[in-house]
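See structure below.
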Amino acid sequence: MKLYQEQELKIYNSLTNQKEVFKPINEGHVGMYVCGPTVYSNVHLGNVRTFMSFDMIFRYLKHLGYKVRYVRNITDVGHLVDDAEEGEDKIAKKARLEQLEPMEIVQKYTLDFHYILQKFNFIPPSIEPTATGHIIEQIEIVKGIIDNGYGYEVNGSVYFDVHKFNEKNEYGVLSKRNLEDLVNNSRELDGQSDKKNPQDFALWKKAEETHIMRWPSPWGEGFPGWHLECTAMSTKYLGKRFDIHGGGMDLKFPHHESEIAQNEACCGTSPVNYWMHANMLTLNGKKMSKSTDNNILPGEIFSGSSKHLSKGFVPSVARFFMMQAHYRSILDFSNDALLASEKGFNKLMEAMKTLDKLEPSGDKTSFNLEVWKRNCYNALNDDFNTPILIADLFEAVKYINQLKDGKATILPESLTELKKYMHAFVFEILGLEQQSGSSDDGDSLTGVMELLINLRNEARANKDFATSD
RNA sequence: GACAAGGUGGCUGAAUGGUGAAAGCAACAGUCUGCAAAACUGUUUUUUAUGAGUUCGAAUCUCAUCCUUGUCUCCA
């Protein structure tokens with residue numbers, strides 16, 4: 001019997017704004033798509049938080065015994081700098097600025113992305129497709145949308161007809177907006193003559209002569225619009241309708257809203273059963289953002305080389321810090337918060353080491369393991385409430401320390417259980433790792449420390465306190 | 001301006017109608033130690049932004065006021 005059959009998982013669905021019991025389309029299988037990064041610069045900690053939330057979700061679904069196909073894309077083309085006609089692709093722009101081939105940019109920052117995620121102990125997704133690798137699929141989607149009457153071609157570009165779509169469907173179901181509001185609040189931009197309405201978005205853009213990244217299409221040489229890749233790749237790998245779609249809160253509109261519209265227009269169905277949105281990581285009370293420079297890079301946390309930090313922290317401390325907040329809450333980053341998390345993290349890790357060395361004692365178990373286990377699972381089943389889980393883990397930490405001091409007792413089979421579940425929650429699901437020291441050259445220090453400790457012990461044995469200090 | 005989320009102890013951050021409002025950090029005391037640190041144990045702190053209402057009962061629901069943040073244009 002699989003674990004998911006005895007656990008009732010509830011997920012907060014941003015489409016309905018309520019918690020719903022999770023029921024996958026195909027029993028025992030979960031299809032999950034998460035919008036990955038646009039690889040035109042280094043990932044910052046805010047990006048990492050979102051992916052980390054879904055990494056934990058991926059881990060828990062697997063723990064429950066589901067066979068999960070987790071797709072997280074790499075956006076390597078199609079992201080316009082602005083929506084005006086002279087809009088330039090982000091990758092291409094960065095390539096121009098750094099005087100590199102666009103694919104050099106993509107390679108450079110994809111490597112950085114993978115390196116950082118590996119540092120944070122992420123589990124790689126099942127499939128990590130790139131937008132440039134799925135141009136044909138994207139063109140097919142555009143054709144389908146045109147055939148169904150929701151797309152129109154102007155001067156080599158293809159746009160999605162939002163107003164026409166809205167006649168029979170609802171544009172704005174996810175972001176809880178209606179088209180009328182959007183019309184009233186649209187920013188007026190120059191040079192939008194090609195579009196029928198400002199709300200329409202590009203499915204395919206004509207490549208100007210200077211544009212480097214270009215592909216042939218039925219409408220001439222061009223490149224795909226941003227929202228298209230996710231529709232194409234999620235459809236290809238997960239089907240027209242799948243279980244979970246995740247991403248950052250800031251992608252809700254227009255990106256995810258447009259994905260729904262594209263999928264409806266092309267495939268005749270809403271693409272996703274459970275929409276999940278992770279909240280923002282703030283710095284100084286403001287959202288972290290690449291464009292405003294209010295951000296911190298993971299590398300700066302490891303090294304401590306940031307004006308926001310007093311020292312460096314190992315990746316697991318940052319991971320623990322994020323897991324102490326719920327994924328749907330805004331979390332504020334600060335040096336003080338990280339210092340506090342480091343203490344808590346070390347306490348937890350010390351307890352894990354103690355636990356491994358623990359021997360059974362007494363003739364009964366002086367801790368209600370069943371209730372504790374139940375509480376831990378209840379926390380995770382309640383929309384992945386990791387802060388509650390961590391609070392429960394510290395209950396166990398207290399018990400473990402009492403066992404160490406001989407102030408509590410445990411039977412052999414209970415000890416086996418406790419070890420099994422502590423390892424599952426701490427390492428398997430939260431993804432924490434035993435890491436010590438805040439610098440990478442910790443190994444070379446160890447030798448010196450041992451020498452010092454030996455000297456100190458000798459001195460202490462001789463009551464030579466001046467030397468030992 | 002429109003729409004959305006939120007304001008909980010010194011800090012971070014849970015709990016959405018039911019007894020004393022998690023947990024971590026900080027503070028204080030104790031254990032340990034030659035002293036200290038670390039570690040462990042215990043204690044303390046919030047009348048839950050403000051005002052009113054609904055209820056036997058509200059942080060939680062309703063209304064008003066003040067404030068913060070996000071989205072509406074590229075963002076995780």
Side-chain angles (χ1 to χ4, degrees), chain A residues 14 17 19 34-38 40-41 43-54 72 75 78-84 87-90 93 172 175-178 180-189 198-199 201 226 246-255 257 277-282 285-292 295 320-321 323-348 350-351 354 375 379 382 385-395 397-398 400-402 404-405 407 460 463-465 468-469:
Chain A
S14 353
N17 277 350
K19 286 180 194 166
V34 172
C35 293
T38 305
Y40 69 100
S41 65
V43 277
H44 62 69
L45 201 64
N47 304 119
V48 170
R49 185 192 179 194
T50 297
F51 300 132
M52 192 180 285
S53 297
F54 288 103
R72 189 184 61 211
T75 298
H79 229 151
L80 296 184
V81 171
D82 61 53
D83 202 24
E88 188 174 11
D89 189 278
K90 278 198 170 178
K93 182 182 179 187
S175 55
K176 313 291 182 286
R177 293 154 201 274
N178 59 55
E180 206 178 312
D181 290 338
L182 289 171
V183 171
N184 292 336
N185 291 310
S186 276
R187 208 175 59 165
E188 293 199 9
L189 291 170
Q199 291 74 40
F201 55 87
W226 173 38
M249 205 74 113
D250 50 355
L251 293 185
K252 223 172 177 181
F253 189 90
H255 185 55
E257 197 69 65
H277 289 96
N279 218 322
M280 300 293 106
L281 183 66
T282 60
K286 303 263 186 200
K287 178 189 171 187
M288 277 195 202
S289 165
K290 288 178 190 173
S291 49
T292 59
N295 67 59
F320 181 75
F321 161 70
M323 289 295 139
Q324 271 185 305
H326 191 263
Y327 78 91
R328 276 190 292 115
S329 297
I330 293 171
L331 175 61
D332 194 56
F333 180 90
S334 69
N335 190 56
D336 285 351
L338 225 57
L339 283 170
S341 289
E342 185 175 49
K343 291 276 186 99
F345 170 75
N346 288 338
K347 189 173 177 176
L348 181 61
E350 277 307 311
T354 305
N375 288 343
D382 185 17
N385 199 326
T386 51
I388 294 286
L389 171 67
I390 289 173
D392 285 322
L393 292 182
F394 277 101
E395 291 282 315
V397 166
K398 200 168 166 182
I400 289 166
N401 285 325
Q402 285 171 347
K404 185 184 68 178
D405 294 346
K407 289 174 182 164
R460 287 173 57 129
K463 299 277 177 201
D464 181 1
F465 295 127
S468 81
D469 289 339

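Lettering follows sequence order; numbering is per chain, from 1.
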When rounded to whole Å, the CG to C1' distance for the pair A:Leu393 and B:G24 reads 12 Å

For A:Glu350, all residues meeting salt bridge (charged side-chain N to carboxylate O under 4.0 Å, His left out), sequence neighbours excluded:
A:Lys353

Report yes or no: do A:Gln324 and A:Thr386 form a side-chain donor-acceptor pair below 3.5 Å?
no

Between B:U45 and B:A26, how many Å separate the two C1' atoms, rounded to a whole number?
11 Å

Shortest side-chain distance from A:Lys287, nucleotide among B:U71, B:A76, B:A23:
B:U71

Inter-nucleotide C1' distance (B:U62, B:C72), Å rounded
29 Å

Taking atom C1' of B:C72 as reference, at what distance in whole Å does atom CD of A:Glu180 sit?
15 Å

How long is the line joining CD1 of A:Ile400 and P of B:A23, in whole Å?
16 Å

Could you list all N or O pairs between the protein and nucleotides 9-14 of chain B that sit under 3.5 Å apart?
unit_1 : atom_1 : unit_2   : atom_2 : d
B:G13  : OP1    : A:Asp332 : N      : 3.1
B:A14  : OP1    : A:His326 : N      : 2.7
B:A14  : OP1    : A:Ser329 : OG     : 3.0

Between B:A2 (P) and A:Leu182 (CG): distance, integer Å:
15 Å

Atom C1', compared across B:U47 and B:G9: separation rounded to whole Å
13 Å

Calculate the interatomic distance between A:Asp382 atom CG and B:A22 atom P; express it in whole Å.
18 Å

Can you name the residues that form a salt bridge (charged side-chain N to carboxylate O under 4.0 Å, His left out) with A:Lys287, not counting sequence neighbours?
A:Asp250

Starting at CE of A:Met249 and ending at C1' of B:C74, how long is that distance when rounded to a whole Å?
19 Å

Once salt bridge (charged side-chain N to carboxylate O under 4.0 Å, His left out) is applied, do any residues pair with A:Arg177, and if so which ones, sequence neighbours excluded?
none

Which heavy atom in A:Lys176 sits nearest to a heavy atom in A:Ser14, and how many Å separate them?
NZ-O, 3.2 Å

Could you tell me which residues satisfy ring pair (Phe, Tyr, Trp, His ring centres under 6.0 Å) with A:Phe54, sequence neighbours excluded, listed by chain and number?
none

In whole angstroms, the gap separating C1' of B:G70 from CG of A:Asp250 amounts to 9 Å

Of A:Pro37 and A:Lys252, whose closest RNA chain B nucleotide lies nearer the 5' terminus?
A:Lys252

Contiguous Watson-Crick or G-U pair runs (3 or more, under 3.5 Å) in RNA chain B:
B:1-7 with B:66-72, B:10-12 with B:23-25, B:27-31 with B:39-43, B:49-53 with B:61-65

Heavy-atom distance under 4.5 Å between the side chains of A:Thr282 and A:Met288, does that happen here?
no

B:U48 versus B:A38 - spacing of their P atoms, nearest Å:
35 Å

State which residues pass side-chain hydrogen bond (donor to acceptor under 3.5 Å, both in side chains) with A:Arg49; sequence neighbours excluded, sorted by chain then number.
none

side-chain hydrogen bond (donor to acceptor under 3.5 Å, both in side chains) with A:Ser41: which residues, sequence neighbours excluded?
none

Modelled atom types, side-chain donor and acceptor of A:Ser329 and A:Asn279, under 3.5 Å:
no

Measure from the side-chain heavy atoms of A:Met280 and tell me the nearest of B:A76, B:U71, B:C74.
B:A76

Tell me, please, which residues at least two apart from A:Phe321 pass ring pair (Phe, Tyr, Trp, His ring centres under 6.0 Å).
A:Phe333

Going by ring pair (Phe, Tyr, Trp, His ring centres under 6.0 Å), name the residues that satisfy it together with A:His255, two or more places apart in sequence or in a different chain.
A:Trp226, A:His227

Find every protein N or O atom lying less than 3.5 Å from an N or O atom of nucleotides 38-42 of chain B, and list the pairs.
unit_1 : atom_1 : unit_2   : atom_2 : d
B:C40  : O2'    : A:Asp405 : OD2    : 3.0

B:A37 and B:A22: how far apart are their P atoms, nearest whole angstrom?
29 Å

Taking salt bridge (charged side-chain N to carboxylate O under 4.0 Å, His left out) as the test, write out the residues that go with A:Lys19, two or more places apart.
A:Asp382

Which whole number of Å gives the distance between the C1' atom of B:G10 and that of B:G70?
28 Å

Rounding to an integer number of angstrom, what distance separates B:A59 and B:G7 when you compare their P atoms?
14 Å

In this structure, how many angstroms lie between the P atom of B:G70 and the CG atom of A:Leu281, rounded?
13 Å

Whole-Å C1' distance, B:C40 and B:U33:
13 Å

